[in-house]
Amino acid sequence: MSYYVTTPIYYVNGEPHLGHAYSTIAADILARHHRQRGEDVFFLTGTDEHGEPVAQQAEREGVTPRELGDRLAPRFKRMAAKVEASNDFFIRTTDEGHVKRVQEVVQRVHDNGHVYEGTYEGLYCPRCADFKTESEVAEGNTCPIHGIELTKEKQDNWFFKLSAFQEDLERLYEERPDFVTPDFRRNEALSFIKQGLRDVSLSRPTLKWGVPVPWDTEQVIYVWFDALLNYYTALGYAREDEDLTGRYWPAFHILAKDILKFHAVYWPAFLMAAELELPRGMFIHGFLLMEGQKMSKSLGNVLDPDEVIEKFGADALRYYCFREVSFGQDGQISPAGFEARYDSELANEFGNLANRTLSMVSRYRASVVPEAEPDPALAPDFEGVPDRFNELLDGAELSQALEDAWKLVRRLNRYVEESRPWDLAKAGPGREAEEPALDVARLDQVLYSLAEGLRVAALLLHSYMPDTTGRLLGALGEPDRGLAAFGSRGGGQAVEKIPPLFPKLEAESGD
RNA sequence: GCCGGAGUAGCUCAGUCGGUUAGAGCAGCGGAAUCAUAAUCCGCGUGUCGCAGGUUCGAGUCCUGCCUCCGGCACCA
């Protein structure tokens, strides 16, 4: 079974920020999760480098668009690495393999009769790289988004017959209710379709920076089609010796709400026109808001992922993003919120649970997990959790799944208090009078159950926090990374004590 | 203007087909414990469930109207 997941490709007219990291982390969690389930996974991210905004940005900086891409693509690549993204390839739309395959697909759409030549006249925003309909024009012929003056443009260019796919799209949404999730995004896309689709421009005659239209090399392909096709083209050349298309296509897409229309309407229509299989689905996430506003360069409220990772670690960032903000919704984030979650949940609840567990096994049982039956007091709380976890992640419900896993962490801390291993380990007065052998067995059972529960929880959390859970699983003597049921493994492994997984922040700054 | 969503504890939110005293986390207050990164655990809520009607034996849950907020689309400038 294969699983192919993508992030949007990031536009190189600016530096990477936390918003980019967010999409990347989400896709990475899904990729890692499906690998844990033993599936054949391909995870793609990359950069979008064509189009007018890049050309303009390059001009402002006095470099060629190619040079701008060459400078920024590595930054995005590095960001992916910094957040521990396990992508199998990093596509750049300037890659030869991409350009070639875009032309093939566009040619096929043309040959299938879905392209025609027309004239487009209207007000154009160079920053948006898009024409504005009358309704989208602000006072004084300015762009409502960028506030800059629009220019009147008339272009002979090629059109894609989007309107011809109206019924097909409606049927798609009918037949596959999960094609776009969450459902309120699906409704938005569907109502957009239902109100009637207009043909869209497929090419740009005035621009040189892009993929040439194969049958009219004076024009370049509109950057959005070029960009969307990355999901398909990458599989063709990511590996020198193998075309991966048959193995992985179609994809599951992760994207933010601002590019819903392109992915949920244009993209499937274009694939239909090219007679390619449609995506298996897509999940539309919201924005991480800083002080109530979208992070944006112009507002100056951008959180640099590097700084966050520097202070909290990549795992903590990955955790926080999906814990604090319900995946799919917009949500507030803040440095104070990071610190609160880090301290109370990662350090105190999870890190300390790991620490006390390893410590007690080490102290009371010479660092070997005892062999015992799972405690019936604990087992029901783990019953069915991995299955439900899988189901949630099948629907890309990252926050819900994380919540389920976290309940186990909390349950285990409670279990420690309920079972009081330190009392069981005491041979003090009033204990010897009872049956010591019973307590030995009981302590074995408690320590086994605790270590086993921690193992199961760590495995569930592994896709979210690969580094720290990896270290913890190593310390627990667990070589495998597949999801496991509670009680599926016996005792007998040697454990080792390790430094705190999430050191307290005060302790750090106090040094 | 049209469509959709939301309005529940100080904050963030759960509340499944209408059914027992409306829940969780955080924050706050009090306590227990000592294996552990002074971490953990337990206890503590007089909430007009946006407002007003209605249906029902019974409504946070269904219906109608209204208010506020958010999103999408359309329109105007």
Side-chain angles (χ1 to χ4, degrees), chain A residues 132-142 144 180 182-198 256-261 264-265 284-287 289 292-294 320 323-334 336-337 339-365 367 397 399-400 402-404 406-407 409-426 428 443 446-447 450-451 454 468 472 475 495 497-508 510-511:
Chain A
K132 299 286 156 188
T133 60
E134 282 180 34
S135 60
E136 289 174 317
V137 176
E139 281 178 68
N141 281 353
T142 58
V180 173
D183 55 357
F184 63 96
R185 296 293 175 207
R186 172 187 181 274
N187 291 344
E188 278 179 25
L190 184 56
S191 65
F192 179 81
I193 293 164
K194 282 194 165 158
Q195 105 200 352
L197 296 173
R198 277 187 299 182
K257 64 182 185 179
D258 55 339
I259 50 177
L260 169 71
K261 188 171 35 168
V265 183
I284 321 304
H285 67 74
F287 291 145
L289 305 172
Q293 293 190 290
K294 186 189 174 185
Y320 177 74
R323 185 72 175 155
E324 185 81 324
V325 178
S326 181
F327 192 51
Q329 308 289 332
D330 288 355
Q332 297 291 333
I333 58 162
S334 67
E339 288 186 31
R341 295 266 184 198
Y342 182 91
D343 260 19
S344 71
E345 297 179 2
L346 291 175
N348 295 351
E349 291 183 340
F350 185 57
N352 187 55
L353 172 67
N355 203 32
R356 70 202 303 210
T357 301
L358 293 171
S359 166
M360 286 190 283
V361 172
S362 143
R363 178 190 286 227
Y364 301 138
R365 283 298 178 265
S367 297
E397 299 209 51
S399 297
Q400 263 306 319
L402 180 56
E403 166 70 16
D404 276 18
W406 211 256
K407 277 184 184 155
V409 171
R410 293 204 156 127
R411 176 65 188 105
L412 287 168
N413 271 322
R414 218 174 329 123
Y415 180 69
V416 173
E417 302 299 323
E418 286 166 11
S419 50
R420 304 177 58 79
W422 50 90
D423 277 352
L424 298 171
K426 273 180 205 155
L443 181 56
V446 168
L447 291 179
L450 186 55
L454 183 58
T468 45
L472 173 56
V495 307
K497 293 196 68 174
I498 50 172
L501 296 173
F502 299 98
K504 278 307 208 34
L505 293 170
E506 307 94 68
E508 264 188 351
D511 285 341

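Quick caveat, the model's predicted, so the values are computed rather than measured. Throughout, protein chains are lettered first and strands after them, A, B, ... in sequence-line order, and every chain is numbered starting at 1. Basis for what follows: all heavy atoms, side chains included, without hydrogens, waters or symmetry-related copies.
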Suppose we define a pair by two distances each less than 3.5 Å, Watson-Crick or G-U wobble; what does [N] pair with here?
N: B/rU48; value: none
N: B/rU55; value: none
N: B/rA14; value: none
N: B/rU40; value: B/rA32
N: B/rA9; value: none
N: B/rU20; value: none
N: B/rA74; value: none
N: B/rA27; value: none

Round to a whole Å and report the spacing from [atom1] of [X] to [atom2] of [N].
X: A/Q400; N: B/rA24; atom1: CD; atom2: C1'; answer: 12 Å
X: A/E349; N: B/rA24; atom1: CD; atom2: C1'; answer: 13 Å
X: A/K261; N: B/rG72; atom1: NZ; atom2: C1'; answer: 10 Å
X: A/F192; N: B/rC73; atom1: CZ; atom2: P; answer: 7 Å
X: A/I333; N: B/rU12; atom1: CD1; atom2: P; answer: 16 Å
X: A/D258; N: B/rG71; atom1: CG; atom2: C1'; answer: 13 Å
X: A/Q329; N: B/rC69; atom1: CD; atom2: C1'; answer: 14 Å
X: A/D404; N: B/rG25; atom1: CG; atom2: C1'; answer: 14 Å

Charged N-O contact under 4.0 Å between [X] and [Y]:
X: A/R414; Y: A/E417; result: no
X: A/E418; Y: A/R411; result: yes
X: A/K426; Y: A/D423; result: yes

Rounding to an integer number of angstrom, what distance separates [N] and [M] when you compare their [atom1] atoms?
N: B/rG58; M: B/rG54; atom1: C1'; value: 15 Å
N: B/rA77; M: B/rC3; atom1: P; value: 24 Å
N: B/rG10; M: B/rG47; atom1: C1'; value: 11 Å
N: B/rA24; M: B/rA36; atom1: P; value: 31 Å
N: B/rG45; M: B/rG65; atom1: C1'; value: 33 Å
N: B/rG5; M: B/rG15; atom1: P; value: 15 Å
N: B/rU64; M: B/rA6; atom1: P; value: 15 Å
N: B/rA9; M: B/rG23; atom1: P; value: 14 Å

Any side-chain heavy-atom pair from [X] and [Y] closer than 4.5 angstrom?
X: A/I284; Y: A/F184; answer: no
X: A/F350; Y: A/L472; answer: yes
X: A/D258; Y: A/F287; answer: yes
X: A/D330; Y: A/K257; answer: yes
X: A/V180; Y: A/L260; answer: yes

Most 5' of A/E324 and A/R341 on RNA chain B, judged by nearest nucleotide: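 Closest to the 5' end, via its nearest nucleotide, is A/E324.
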Given RNA chain B, 5'-ward residue of the pair A/S344 and A/A189, judged by closest heavy atom: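 Result: A/S344.
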Contact state string [nucleotides 32-37 of chain B, B base, S sugar-phosphate only, - no protein heavy atom under 4.0 Å]: -SSBBB
Test item: A/Y342 side-chain N/O and A/P503 main-chain N/O as donor-acceptor pair under 3.5 Å: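 Yes, A/Y342 side chain to A/P503 backbone: donor-acceptor pair under 3.5 Å.
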Touch class at under 4.0 angstrom, heavy-atom based, for A/R410 against every strand present: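 Counting heavy atoms under 4.0 Å across all strands, the contact made by A/R410 is with sugar-phosphate only.
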